[in-house]
Amino acid sequence: RMAEARAAELGLRNVSFVQAELDDPEVEQAVFAKNPRGADLVFVSRVLHHAPKPSRAVQKLGSLLRRETASEQGGALVLLDYAPHEDLAMKEAQADLWLGFDAAELESFAREAGLLAPRVTRLPRPFRGDGPDAHLDWLSLFARRGR
């Protein structure tokens, strides 16, 4: 709701928010209703560590992106999630299935999904907010969809 309010305040009419499971048809319908070719950008924050099959989740996210053409790059995926950690309290409190992912794992998930040139960077502390997971290291994956 906060993100929707902020987008409205900024006059961003081309931004959609969907709260659903990744495999819920509502997600795909929302993306392709806006643009039958797919999304220019899919931004996902701290979802992967809840996914029973993380590589499958990245494949699903990649399938929402616009394909690369001769004149345009494909849509981009920006995915934020935790670096590997040992905080079992977070796992119990937040129903986490995974204790984070290293850069090689995230890049591998992206390549398996057919995404191009995956890059992983560590998020600086100020970008992690002040929530219960702010003490964890966060990684950002950026990749584009190919043809």
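In what follows, every heavy atom counts, from backbone to side chain, and hydrogens, waters and symmetry copies are set aside.
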Taking the side chain as C-beta and beyond, is there a heavy-atom pair between Q73 and R66 under 4.5 Å?
-> no
Closest non-hydrogen atom pair, L139 against A103 | CD1-N, 4.0 Å
Common cluster, L116/V44, ILVMFWY with side-chain heavy-atom separation under 4.5 Å | no
Do you reckon W138 sits in the same ILVMFWY cluster as V42, going by side-chain contacts under 4.5 Å, direct or chained?
-> no
Which pairs pass side-chain hydrogen bond (donor to acceptor under 3.5 Å, both in side chains) with one or both residues in residues 116-130, sequence neighbours excluded?
-> R122-D137
Can you hop from F142 to V47 via hydrophobic side chains spaced under 4.5 Å?
-> no
Quick one: name the residues clustered hydrophobically with L99, using the 4.5 Å side-chain heavy-atom rule over I, L, V, M, F, W, Y, and just say none if it's on its own.
-> L88
Does one hydrophobic cluster hold both L80 and L136, with members joined at side-chain heavy-atom distances below 4.5 Å?
-> yes
L61 CG to L48 CG distance, which is reported to the nearest 0.5 Å | 8.0 Å
Atom NE2 in H49, atom CG in L97: separation rounded to 0.5 Å?
-> 8.5 Å
To the nearest 0.5 Å, tell me how far R145 CZ sits from S63 OG.
-> 6.5 Å
Within a strict 4.5 Å, meaning less than it, do heavy atoms of the E105 and S55 side chains meet?
-> no
When rounded to the nearest 0.5 angstrom, what distance separates CG in L77 from CZ in F109?
-> 12.5 Å
hydrophobic_cluster_shared for L106 and L22, side chain cutoff 4.5 Å = yes
Go through the steps to decide whether R147 and R67 satisfy the test side-chain contact (heavy atoms from CB on, under 4.5 Å), and finish with yes or no.
-> CA-CA 5 Å; R147 293 183 187 254; R67 290 184 183 278; 5.8 Å; no
Side-chain touch D133/M90, heavy atoms, less than 4.5 angstrom | yes
Partner set under ring pair (Phe, Tyr, Trp, His ring centres under 6.0 Å) for H50, not counting sequence neighbours = none
Residue pairs meeting salt bridge (charged side-chain N to carboxylate O under 4.0 Å, His left out), one or both in residues 75-92, sequence neighbours left out, come to none
L115 side chain near V58 side chain, heavy-atom distance below 4.5 Å | yes
Got a second to check how far L79's CG is from F101's CZ, nearest 0.5 Å?
-> 9.0 Å
If you look only at distance, which donor and acceptor atoms sit under 3.5 Å apart when one is on a side chain in residues 28-36 and the other is two or more places apart or in another chain?
{"residue": "E28", "atom": "OE1", "partner": "K60", "partner atom": "NZ", "Å": "2.9"}
{"residue": "N35", "atom": "OD1", "partner": "R37", "partner atom": "N", "Å": "2.9"}
{"residue": "N35", "atom": "ND2", "partner": "G38", "partner atom": "O", "Å": "3.4"}

All heavy atoms of S140 vs all of L123, minimum pair found to be CB-CD2, 4.2 Å
Taking the side chain as every heavy atom from C-beta outward, state whether L141 and V78 have any atom pair closer than 4.5 Å.
-> no
Are there more than 12 heavy atoms of other residues, nucleotides or ligands under 6.0 Å from atom CD of E112?
-> yes
Output side-chain donor-acceptor pairs under 3.5 Å for residues 4-13, partner residues at least two apart or in another chain, one line each.
{"residue": "R6", "atom": "NH1", "partner": "E9", "partner atom": "OE2", "Å": "2.7"}
{"residue": "R13", "atom": "NH1", "partner": "G11", "partner atom": "O", "Å": "3.2"}

Quick one: closest heavy-atom pair of P52 and P54, and the distance?
-> O-CD, 3.6 Å
Heavy-atom pair with the smallest gap, counting every atom of A110 and P118 = CB-CB, 3.7 Å
For the pair H85 (side chain) and Y82 (backbone), establish whether a donor and an acceptor sit closer than 3.5 Å, ignoring hydrogens and angles.
-> no
In Å, rounded to the nearest 0.5 Å, how long is the span from CZ of F17 to CZ of F43?
-> 10.5 Å
